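Reading through the structure tokens given below for one structure.
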Amino acid sequence: MDSRTGFPVVGMVGGGQLARMTHQAAIALGQSLHVLAVSPADPAALVAPSVTIGHHTDLAALRDFAARCDVLTFDHEHVPTEHLRTLVAEGVTVHPGPDALVHAQDKLVMRTRLAALGVPVPEFAAVSDVADAVKFGDEHGWPCVLKACRGGYDGRGVWMLADADAARQRVPALLEAGTPLLVERRVAMRRELAALVARSPWGQGASWPLVETVQDNGICVEVLAPAPDLPPEVAEAAQEMALRVAAELGVVGVLAVELFDTPTGFLVNELAMRPHNSGHWTIEGARTSQFEQHLRAVLDYPLGATDALAPAVVMANVLGGSPTLGADERLHHLFARFRDAHVHYYGKQERPGRKIGHVTMLGAAMADVRSRARLAAHWLSHGEWLDGYDIH
Ligand code: ADP
């Protein structure tokens, strides 16, 4: 491929913050990502010199883009599986490939496959008629959880069904709109965890310490690394399970396995085959970041060491708020108070609830690191200190 440097050209489909941070890691490896973005204002399109504007559902756009790259990878899972199969049949190298990626695209395919592999998942059933949901709830207990098999994120596409009447109200309209559905048992979870691993085409695997992800309204707001109060044998079992899933599904790149921590062990909720919000802490908090590791895997380089660089690392997302202080002034005051805060902004406009950046703190004790990360992120979002600190 046309590369001035002798290195292969990585094409990133999708121009969001994951692509932006992958580009940042790419620079150090002598890379410069080619980005297929929907808009020139996408986070990665603002920073990468080689940007193609096109839609990831447009096969012709994908084909043209692929012709200028040695390997394609993704910052989201929204490319239609059949387009990827077509590209692969035409000789394009796609990592992760469609046979793996479909498990991150379709929750029913994923649940069915993981159950067949003996990986613990919540009990579930496909819903092709409202009667399927009612039968499941009657047999497994109400409330239960209805999910769109494809296209959901940040809790969109997830509905709690209180009882059979709720199912009768909700399911028919969704099915008529063409939304494929599944229903599953509502899990009594203590908290949510994530196992982050990477796998190369050669078959090498690597796993970072297990983390706890703290959600608010279906959106991840904090990640604690390592997950506090987790018995080492449970953490190890989850990491091994994630590596086994990566190998069985033929994943290339980063795989995030979202887990429910229940009193009887962990259950897998979701898979993502790309850098993931639960791994942003690795940029400063681990020997090799998830973004560099994803590139190493996609390029079939040996994977990097994944050990943490501090006993406690916390990443807190900065969500858009409606502060009166300007963004620049907030950042100024943040740095004045916390000299050790690592701040990442994604070049996005602030909108309430939108992930516009994140802050990472490292330290010796989880409680202290967590409270500082939370103060910092809340300040950047809202321009107010939760503990009443005075900026004057
Ligand atoms: P999305 O793909 O939109 O992120 P998820 O399947 O991850 O959807 O679900 C979003 C959130 O809903 C989860 O983080 C969890 O808090 C809650 N949730 C999902 N499935 C269940 C379940 N079976 N039982 C209880 N809570 C659930």
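All values derive from a computational prediction rather than experimental measurement.
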Using the side chain to side chain contact (heavy atoms under 4.5 Å, CB included) rule, take Leu267 and Thr262 through it: C-alpha gap first, then chi angles, then the decisive distance, then the call.
-> CA-CA 7 Å; Leu267 299 173; Thr262 81; 4.1 Å; yes
Name all residues meeting the ring pair (Phe, Tyr, Trp, His ring centres under 6.0 Å) criterion together with [X]; count only those two or more places apart in sequence or in a different chain, and write none if there are none.
X: His83; result: none
X: His358; result: His280, His344, Tyr346
X: His332; result: none
X: Phe136; result: His140

Ignoring hydrogens and angles, tell me if any N or O in the side chain of [X] forms a donor-acceptor pair with the backbone of [Y] under 3.5 Å.
X: Gln17; Y: Ile356; value: no
X: Gln290; Y: His276; value: yes
X: Ser381; Y: Gly321; value: no
X: Gln293; Y: Gly304; value: yes
X: Arg287; Y: Ala305; value: no
X: Arg354; Y: Gln349; value: yes
X: Asp163; Y: Asp165; value: yes
X: Asp42; Y: Gly16; value: no
X: Gln31; Y: Pro8; value: yes

Please name the pair of heavy atoms, one in Pro275 and one in Phe291, separated by the smallest distance, quoted to 0.1 Å.
-> CB-CE2, 3.4 Å
Heavy-atom closest contact (Thr306 atom, Trp208 atom, distance) = O-CD1, 3.4 Å
Members sharing Val109's hydrophobic cluster (side chains within less than 4.5 Å) | Val102
Excluding Met160, membership of its hydrophobic cluster (Ile, Leu, Val, Met, Phe, Trp, Tyr; side-chain heavy atoms within less than 4.5 Å) reads Val145, Val158
Note, [X] side chain near [Y] side chain (heavy atom, < 4.5 Å):
X: His333; Y: Arg337; value: no
X: Thr73; Y: Val71; value: no
X: Met189; Y: Asn269; value: no
X: Leu295; Y: Tyr301; value: no
X: Leu18; Y: His294; value: no
X: Leu108; Y: Pro180; value: no
X: His23; Y: Pro49; value: yes
X: Phe260; Y: Glu192; value: yes

Hey, quick one: are [X] and [Y] part of the same hydrophobic cluster, counting side-chain heavy atoms closer than 4.5 Å, chains of contacts allowed?
X: Leu196; Y: Leu243; answer: no
X: Met21; Y: Ile27; answer: no
X: Met110; Y: Leu255; answer: yes
X: Val298; Y: Val197; answer: no
X: Val318; Y: Ile283; answer: no

Run the numbers on Glu292 and Arg296 for salt bridge (charged side-chain N to carboxylate O under 4.0 Å, His left out), then give the verdict.
-> CA-CA 6 Å; Glu292 176 170 335; Arg296 289 197 194 203; 2.8 Å; yes
d(Ser200 OG, His95 NE2) to nearest 0.5 Å is 9.5 Å
Lys135 atom NZ, neighbour heavy-atom count above 12 within 6.0 Å | no
If you count the non-hydrogen atoms of other residues, nucleotides and ligands that lie under 6.0 Å from CG in Asp328, is the total more than 12?
-> no
Only residue of Phe338, Tyr389, Trp385 satisfying ring-ring contact (aromatic ring centres under 6.0 Å, His included) with Trp379 is Trp385
Would you please name every residue forming a salt bridge (charged side-chain N to carboxylate O under 4.0 Å, His left out) with [X], sequence neighbours left out?
X: Arg351; answer: none
X: Glu284; answer: none
X: Asp340; answer: Arg372

Just checking, any donor-acceptor pair under 3.5 angstrom between side chains of Arg68 and Thr52?
-> yes
Stepwise, does the side chain to side chain contact (heavy atoms under 4.5 Å, CB included) test hold for Val134 with Arg168?
-> CA-CA 8 Å; Val134 172; Arg168 286 186 201 103; 4.2 Å; yes
Of Leu146, Thr179, Val183, the residue whose pairing with Val171 passes side chain to side chain contact (heavy atoms under 4.5 Å, CB included) = Leu146
Could Asp75 and Arg274 be called an ion pair, given the rule that one side-chain N must be under 4.0 Å from one carboxylate O?
-> no
Salt-bridge criterion met for Glu350 and Arg330 (N-O under 4.0 Å) = yes
Criterion side chain to side chain contact (heavy atoms under 4.5 Å, CB included) on Asn317 and Met315, from CA distance to verdict = CA-CA 7 Å; Asn317 280 330; Met315 186 280 332; 3.4 Å; yes
Under the criterion salt bridge (Lys or Arg N to Asp or Glu O under 4.0 Å), which of Glu270, Glu184, Glu258 is the partner of Lys107?
-> Glu270
Residues forming a side chain to side chain donor-acceptor pair (under 3.5 Å) with His78, sequence neighbours excluded = none
Non-neighbouring partners of Glu384 that pass side chain to side chain donor-acceptor pair (under 3.5 Å), sequence neighbours left out = His378
side-chain hydrogen bond (donor to acceptor under 3.5 Å, both in side chains) between Thr81 and Gln105, worked out = CA-CA 8 Å; Thr81 322; Gln105 297 180 312; 2.6 Å; yes
I'd like a table of donor-acceptor pairs (distance under 3.5 Å, sequence neighbours excluded) in which one partner is a side-chain atom from residues 218-233, with atom names and distances.
| from | atom 1 | to | atom 2 | distance (Å) |
| --- | --- | --- | --- | --- |
| Glu222 | OE1 | Arg370 | NE | 2.7 |
| Glu222 | OE1 | Arg370 | NH2 | 3.1 |
| Glu222 | OE2 | Arg374 | NE | 2.9 |

Would you please test Leu362 and His342 for side chain to side chain contact (heavy atoms under 4.5 Å, CB included) and show each step?
-> CA-CA 9 Å; Leu362 280 65; His342 297 285; 4.1 Å; yes
